[in-house]
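Please read the structure below before turning to the comments.
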Amino acid sequence: SKRHKFWETQPVGQFKDLGDSSLPEGPIEEPTPLSEVKQDPYNLPAQYEWSTCDMEDGPTCNEVYALLAQNYVEDDENMFRFNYSTNFLRWALRPPAYFKSWHIGVRVKASKKLVAFITGVPARIRVRNEVVKMAEINFLCVHKKLRSKRLAPVMIKEVTRRVHLENIWQAAYTAGVVLPTPVTTCRYWHRSLNPKKLIDVGFSRLGPRMTMSRTIRLYKLPGSTVTPGFRKMELRDVPAVTRLLRGYLGQFAVAPDFDEADVEHWLLPREDVVDSYLVESPETHEITDFCSFYSLPSSILNNANYSVLKAAYSYYNVSTKTPLLQLMNDALIVAKQKGFDVFNALDVMHNEGFLKELKFGPGDGQLHYYLYNYRLRNPLKPSELGLVLL
Ligand SMILES: COc1cc([C@H]2SCC(=O)N2Cc2ccccc2)c(Br)cc1O
């Protein structure tokens with residue numbers, strides 16, 4: 001149908017296959033011999049050209065930052081837009097074994113202006129008992145003035161072609177829109193840390209029969225964390241955190257297969273990018289728990305008093321001794337100490353167990369997770385998903 005003209009041509013679960021449990025779980029199409037992968041880039045409309053973006057190059061990184069800051073995802077009411085920082089983009093796009101060729105820009109030939117972007121990074125993702133090499137696809141962005149020129153399909157085909165050239169045949173991605181066919185559908189929940197600002201910018205509303213001072217009191221948090229042994233993660237903790245995380249993520253149907261190099265990249269604290277804390281037992285010095293969140297501000301599109309919303313996003317959390325509720329409350333306390341206005345979490349993994357209790361409220365956005373060229377017999381519940389994409 002017109003609705004999914006492009007996606008009906010792709011190896012993804014098709015709506016017509018839903019419920020057909022005779023179809024096996026696993027790759028939909030077999031790899032093609034590398035010699036048969038299209039060697040040359042797909043054709044763009046004549047006035048545009050492909051341009052691989054070196055995120056280590058300052059000016060290029062700033063061009064990518066500006067394109068996203070002006071043209072990337074907004075909420076349905078166009079009140080907010082993601083404002084990924086340059087340090088966040090360098091972190092997100094240069095994990096172990098990354099490919100610069102997967103950082104794909106589209107420029108206007110005449111002016112060299114960057115007008116579109118799409119990226120992939122390699123990841124080992126376990127799907128049930130299979131560890132699959134995948135590309136995590138992200139940051140698909142077309143300049144507002146070039147929408148509905150059907151650039152997205154050719155950009156998706158080009159990043160797919162470049163992923164195939166590296167002999168990778170599966171991918172994972174998320175979208176706020178329904179495409180064929182979600183692996184699972186999650187919801188964002190939000191915990192106010194600065195209720196006055198959230199109400200002022202129109203994200204939150206004063207509850208019925210609630211005054212502002214009553215609302216501020218409702219969301220008040222202790223000035224310091226309560227768990228003995230709660231501290232920032234350090235480089236020396238990488239082996240223990242890797243063991244803890246691998247053990248914990250093993251229970252979910254889909255989760256990253258992190259090794260120590262992955263943990264060092266994705267979870268070692270980076271200022272204003274990602275924060276990680278752990279609980280080291282004061283008696284045994286064993287590392288028993290872990291929590292982390294990343295920093296992704298949003299531009300506030302038209303408010304008289306504020307231009308940026310400071311948001312923390314729950315990343316990977318492991319609780320084996322400290323109750324998850326207490327661990328996450330300590331995460332909220334640290335996020336508040338660091339000046340975040342709101343703490344966001346998806347209802348994935350065991351998050352449902354603390355969302356309501358810790359005064360999170362449901363957001364209006366749904367986030368759909370997708371796998372490319374990999375069929376799951378049935379969609380997952382969000383609690384079976386152990387993968388957080390940036
Ligand atoms: C507006 O409601 C929501 C918007 C967003 C996204 S869309 C563009 C943006 O900037 N967001 C981050 C944000 C903005 C404001 C508050 C919390 C998070 C998400 Br994700 C979940 C929401 O429920």
Side-chain angles (χ1 to χ4, degrees), residues 64-86 88-89 92 117 136-144 147 173-179 182 184-207 215 219 272-275 292-316 328 331-332 335-336 338-349 351-352 355-356 358-370 382 385 387-390:
V64 170
Y65 165 80
L67 175 73
L68 296 174
Q70 295 308 317
N71 301 279
Y72 200 44
V73 178
E74 297 174 12
D75 65 297
D76 295 346
E77 294 171 50
N78 307 107
M79 294 167 63
F80 308 98
R81 188 186 305 128
F82 284 126
N83 185 233
Y84 286 89
S85 72
T86 52
F88 190 109
L89 292 168
F117 191 58
E136 289 176 357
I137 304 303
N138 205 346
F139 302 115
L140 169 56
C141 179
V142 173
H143 194 287
K144 284 170 179 268
R147 299 284 165 87
Y173 51 102
T174 60
V177 291
V178 179
L179 304 167
T184 193
T185 294
C186 314
R187 180 168 295 281
Y188 266 107
W189 287 67
H190 309 286
R191 208 286 185 181
S192 296
L193 299 175
N194 183 349
K196 188 174 176 311
K197 178 171 176 180
L198 294 179
I199 289 168
D200 188 316
V201 304
F203 175 65
S204 308
R205 280 178 303 285
L206 213 46
T215 302
Y219 290 112
D272 294 336
V273 172
V274 59
D275 269 294
S292 58
F293 51 85
Y294 58 85
S295 171
L296 168 50
S298 285
S299 302
I300 301 169
L301 298 181
N302 52 8
N303 179 269
N305 310 321
Y306 300 99
S307 60
V308 178
L309 185 73
K310 298 187 201 81
Y313 288 73
S314 179
Y315 199 28
Y316 290 100
M328 293 312 294
L332 292 177
K336 173 68 180 174
K338 287 169 163 291
F340 286 99
D341 299 318
V342 63
F343 191 100
N344 302 324
L346 287 164
D347 55 0
V348 296
M349 294 183 266
N351 291 357
E352 256 184 307
L355 293 169
K356 288 193 181 104
L358 293 185
K359 299 174 184 155
F360 284 73
D364 51 11
Q366 284 192 315
L367 188 68
H368 308 280
Y369 273 73
Y370 299 95
L385 182 68
L387 177 65
V388 176
L389 296 181
L390 301 172

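Model, not experiment: these values are computed from the prediction. Both counts, for ligands and for their atoms, begin at 1 and track the order of listing.
Taking 4.5 Å as the limit, some side-chain heavy atom of Val388 sits within range of a side-chain heavy atom of Met349.
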Between Leu309 and Phe203, is a side-chain contact (heavy atoms from CB on, under 4.5 Å) present by the stated rule, with each step listed? CA-CA 10 Å; Leu309 185 73; Phe203 175 65; 5.6 Å; no

Residues Asn83, Tyr65; criterion side chain to side chain donor-acceptor pair (under 3.5 Å); working and verdict: CA-CA 8 Å; Asn83 185 233; Tyr65 165 80; 3.0 Å; yes

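Between Tyr294 and Tyr313, the ring-plane angle classifies as parallel under the 30° and 60° cut-offs. Relative ring orientation between His190 and Tyr188 is described as parallel, the plane-to-plane angle staying below 30° on a 0-90° scale split at 30° and 60°.
Shortest non-hydrogen contact noted between Asp347 and Glu352 is CB-CG, 4.3 Å. Closest non-hydrogen pair, Arg81 versus Glu74, comes out as NE-OE2, 2.8 Å.
Residue contacts with ligand 1 for Phe203 involve side-chain atoms from C-beta outward but no N, CA, C or O (heavy atoms, distance under 4.0 Å). Only side-chain heavy atoms of Tyr188 come within less than 4.0 Å of ligand 1; its backbone N, CA, C and O stay farther off. If you look at Leu309 next to ligand 1, the close heavy atoms, those under 4.0 Å, all belong to the side chain. At a heavy-atom cutoff of 4.0 Å, ligand 1 is contacted by the backbone of Arg81 but not by its side chain.
Proximity of atom 15 (C) of ligand 1 to the protein is indicated by at least one non-hydrogen atom lying closer than 4.0 angstrom.
Among Phe82, Phe343, Tyr313, Trp189, the residue whose heavy atom lies closest to atom 6 (C) of ligand 1 is Phe82. Here atom 10 (O) of ligand 1 lies nearest to Ser298 when heavy atoms of Ser298, Ser192, Ser299 are compared.
Between Asp364 and ligand 1, an N or O atom pair is found at a separation short of 3.5 Å. The distance criterion of under 3.5 Å between nitrogen or oxygen atoms is met by His190 with respect to ligand 1.
Those atoms of ligand 1 with a heavy atom of Val73 less than 4.0 angstrom away are 8 (C).
Each of Asn194, Asn303, Asn305 was evaluated against Val201; a single residue qualifies, Asn303, per the side chain to side chain contact (heavy atoms under 4.5 Å, CB included) test.
Of the protein's non-hydrogen atoms, the one nearest atom 4 (C) of ligand 1 is Asp75 CB, 4.1 Å.
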